[in-house]
There are 2 protein chains.
Amino acid sequence: MSPRQIDQNTLFEREKELLDAAMLLIKQQGVEGLTMDKLVKQVPFSKGTVYSHFTCKEDLLLGLCNRGMGILGALFMRAGKFEGTTRERIIAIHFAYLLYSRLYPMMFMLVISAKSPGVTEKSSTRNREMHLQLEASLTTGIISIITQALADGECNNPNNLAPEQIAFANWSSAFGTIALLSKDFEQCGIRAQMQSEQALLANVNLMLDGLQWQPLFSAFDYTQTLDRLRIEVFAPEVGLLDAQEQAL
Amino acid sequence: MSPRQIDQNTLFEREKELLDAAMLLIKQQGVEGLTMDKLVKQVPFSKGTVYSHFTCKEDLLLGLCNRGMGILGALFMRAGKFEGTTRERIIAIHFAYLLYSRLYPMMFMLVISAKSPGVTEKSSTRNREMHLQLEASLTTGIISIITQALADGECNNPNNLAPEQIAFANWSSAFGTIALLSKDFEQCGIRAQMQSEQALLANVNLMLDGLQWQPLFSAFDYTQTLDRLRIEVFAPEVGLLDAQEQAL
DNA sequence: ACCTATAATGACGAATCGTCATTATAGGTA
DNA sequence: TACCTATAATGACGATTCGTCATTATAGGT
C-alpha cells in the first residue's frame, strides 16, 4: 500500500538545504549566477529531485523571496518592540528594512521580480499563497502601530488617511528610498552606509512630518534613535554587516 | 583607403529599428520574451550586425532604458511648464512619471535592473555614459523647480534639506509608490487607474506637506490639478492609455 | 578587370531550462 | 528468504538561448 513513503521532515530539511545553497550561489555570483544546473551540482540530489521541490526556476526565486520575507518579518517584530514613541517605532521598522536590504540585497530586489507576471504565473500555488500570507503578516505589524498612534493622537493625520493608506505611504517611501540607494551599494564603505541612513531618515521624517506624527523632526533628535537601535535592538545585524565590510 | 564606409545616418536608422523591434517584443511577450534570436528574426539584419550595435543583451536593455529616459525627460519638460504653483508643478512631474510607468511599464522597471552590476558591468561605455547624462538631465529639471520654490519661500523646508535631498525625496517617493502599485497593473481597468492616481497623490502630498510646501494639501484641491493635467498637458498620453484599455 | 578593407552572414559551441524514460529502493507479501 | 510494486531518484536529452568567428559579400579605389 505504501512502499517507500518519504518522511515529511526530511522533505523540509532538503528544502532548507536547497534554499541555503541557492542563497550562497546568489551571494557569490549574483542572481544571474544562480542556475538550476549549478544548484544541482552544489547539492546531493539530482535535477529531478530538485524539480520535485520547486516546479521551475521562478518557483525557486519565489521560495527565496518568501524566506526573505520571513526574516524581514522577524526583524519588524523586534523593531516594533522598541521602547519609545510610536514615531520612533515606525522609524525602527524603516531601519530594519534598510538593514535587511544590506544583509540580503538580492532578496530585497527579488520582491520586485516576484511581483512580475513572469514569475507569479509560473510559480507554484503553494508559494504564491505563502507569499500573500507573509505580505499580510508584514503589514499587520505596521498597521497596529499606526492605529495605536491614531488612537493616542500622536499621529494627527491632517489629511484623514485610512490606516492602510498610511501603511502604504510608509512602505512606498522606504522601498523607493532603499531601492534607489541600493544602486550605490557597490561603492560600499562606512561612509556610504551612513549617508544611506541619513537619506532614509530624512525621507521618512518628511513623510511623518506630513502626517504631523508627534514629535516632529524639529522637536526630537532622531539620530539618537538610530544610535539606540544600532545598539539595543540590532546589534547582531550591525555586527554582521561590519564583518562583511571587513571581509572586503 | 576607405572602401565601403557605412553612412552614419543609416546607422542611427538601424539602431532605431532595432529598438523599435525590441520594444514591440517586450510589449508582446514581456522582458523575458525579449531574446536576441527573436530580435534578429524580427529585423532585416543578421545576428552579427545586431551585435555590432549592441555588445550584448544587457547593452540592448540599457539602450532601451535610455530611450525610455529620453521619453520621460520630454514628459517632465512639459510637466514643468504647467501653469500653476511650484507645488502643482512638482505634482505634475509625479503625474508624468505615473503616466510613463503606465505607457511603458517594462521600461519603468528596466531602470532598476539597469542599475544592477550585472547590467552595468557588461554594457558598453557609450550607453553607460549616456545613461548618466540622461539621469542628470532628468534631475536638473526638478531641482530648478525646487530652488525656485525655496527662493520664493513657497517651500518652507523646516528641516533645512539641500535641494538635492529634496529632489531625492521626491524621486524615492514617486518611484516607490509607482513600483509597488505596478504590481496591480494586471488588474487594470479604469477603477484601478484612479486608485493608483489617488494613492500617488496622497503619498506625494504627505511628503510635500512635510516640507511645508505651500499651499498645503488641506488648503488646496489638488484633485483638480490632476484634472487639469489630464486635459491641458497630457491629453495625448491619457488618450493613448484609454485606447490601450479599450483594446483589452 | 581587379584588389582590398570593411560590412554582413549564420553555423557553431557552450550553457541553460525543464522533461521523462530508466533505474534504484523501501516496504509489503507469500 | 525471495519476490513484487509503488514511489523516489537519476541524468541523458531536446529545445532555447547567448555570443563568437571563420567565411562570404560588397563598395570604392587603382
Side-chain angles (χ1 to χ4, degrees), chain A residues 1-15 17-18 21-22 25-26 28-64 113 116 118-127, chain B residues 1-15 17-18 21-22 25-26 28-64 113 116 118-127:
Chain A
M1 196 58 71
S2 66
R4 185 145 162 73
Q5 281 289 18
I6 200 115
D7 186 5
Q8 195 71 7
N9 208 359
T10 56
L11 230 58
F12 278 116
E13 286 295 321
R14 273 200 281 205
E15 190 140 327
E17 191 170 353
L18 285 171
L25 276 172
I26 286 184
Q28 289 170 342
Q29 314 189 30
V31 195
E32 296 307 317
L34 173 60
T35 283
M36 296 307 265
D37 283 341
K38 285 186 199 163
L39 179 62
V40 168
K41 269 180 205 147
Q42 295 291 326
V43 125
F45 319 120
S46 72
K47 183 172 272 196
T49 304
V50 171
Y51 270 89
S52 77
H53 281 265
F54 301 101
T55 62
C56 58
K57 195 185 181 185
E58 283 74 20
D59 196 39
L60 171 63
L61 290 177
L62 191 55
L64 284 169
S113 42
S116 80
V119 173
T120 309
E121 288 168 8
K122 284 186 181 176
S123 55
S124 68
T125 317
R126 183 177 67 93
N127 273 341
Chain B
M1 196 55 75
S2 68
R4 186 147 161 71
Q5 281 288 17
I6 201 122
D7 185 5
Q8 194 71 9
N9 209 357
T10 57
L11 232 58
F12 278 117
E13 285 296 320
R14 270 200 284 208
E15 190 139 328
E17 190 168 353
L18 286 171
L25 275 173
I26 286 184
Q28 290 170 342
Q29 316 189 29
V31 196
E32 297 307 316
L34 174 59
T35 285
M36 297 306 267
D37 283 341
K38 285 187 200 163
L39 179 61
V40 167
K41 269 177 206 149
Q42 295 291 326
V43 126
F45 318 120
S46 73
K47 183 172 271 195
T49 303
V50 171
Y51 271 90
S52 76
H53 281 264
F54 300 101
T55 62
C56 58
K57 195 184 181 185
E58 283 73 21
D59 196 39
L60 171 64
L61 289 176
L62 191 55
L64 283 170
S113 43
S116 80
V119 173
T120 311
E121 288 167 7
K122 284 186 179 175
S123 55
S124 68
T125 317
R126 182 177 68 94
N127 273 341

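Nothing here was measured: the structure is a model prediction, and the numbers come from that model. Here is how names work: the chains are called A, B, and so on, in the same order as the sequence lines, proteins then strands, and each is numbered from 1.
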* Residues A:Leu11, A:His53; criterion side-chain contact (heavy atoms from CB on, under 4.5 Å); working and verdict -> CA-CA 9 Å; A:Leu11 230 58; A:His53 281 265; 4.1 Å; yes
* d(CG, A:Leu25; C1', C:dC17) in whole Å -> 16 Å
* What integer distance in Å separates A:Leu39:CG from D:dT10:P? -> 13 Å
* Structure fact -> Per-nucleotide protein contact along nucleotides 16-24 of chain D, 5' to 3', at a 4.0 Å heavy-atom cut-off (B base, S sugar-phosphate only, - neither), is -BBBB----
* **Sidechain N-carboxylate O distance under 4.0 Å for B:Glu32, A:Lys57** => no
* Candidates A:Thr120, A:Thr55, A:Val119, A:Leu62 - the one meeting side-chain contact (heavy atoms from CB on, under 4.5 Å) with A:Asn127 -> A:Leu62
* Asked: Under 4.0 Å between a side-chain N/O of B:Ser46 and OP1 or OP2 of C:dT9, yes or no?
  -> yes
* Structure fact -> note: B:Leu11, atom CG; C:dT6, atom P; distance rounded to Å ~ 15 Å
* **Nearest heavy-atom neighbours spanning B:Ser46 and B:Val40** => C-CG1, 4.1 Å
* **Atom-pair distance (CG on A:Asp7; P on D:dT7), nearest Å** => 17 Å
* Roughly how far, to the nearest 0.5 Å, is OG of A:Ser123 from CD of A:Glu121? -> 9.5 Å
* To do: Measure the SG-CE distance between B:Cys56 and B:Met36 for me, rounded to the nearest 0.5 Å.
  => 7.5 Å
* To do: Report yes if at least one side-chain N or O of B:Thr49 is closer than 4.0 Å to OP1 or OP2 of C:dA7; otherwise report no.
  => no
* Could you pull out all residues at least two apart from B:Lys47 that satisfy side-chain hydrogen bond (donor to acceptor under 3.5 Å, both in side chains)? => B:Asp37
* To do: I would like to know whether B:Phe45 and B:Glu17 meet side-chain contact (heavy atoms from CB on, under 4.5 Å); could you show each step before the answer?
  => CA-CA 10 Å; B:Phe45 318 120; B:Glu17 190 168 353; 3.8 Å; yes
* To do: Counting heavy atoms from C-beta on, name the nucleotide in C:dT9, C:dA7, D:dT10 closest to the side chain of B:Ile6.
  => C:dA7
* Asked: Looking at CD of A:Gln42 and CD of A:Gln28, how far apart are the two atoms once the value is rounded to the nearest 0.5 Å?
  -> 7.0 Å
* Between A:Arg14 and D:dA9, does any side-chain N or O lie under 4.0 Å from OP1 or OP2? -> yes
* **Secondary structure of DNA chain C in dot-bracket form (Watson-Crick or G-U wobble, distances below 3.5 Å, | marking inter-strand pairs)** => ||||||||||||||||||||||||||||||
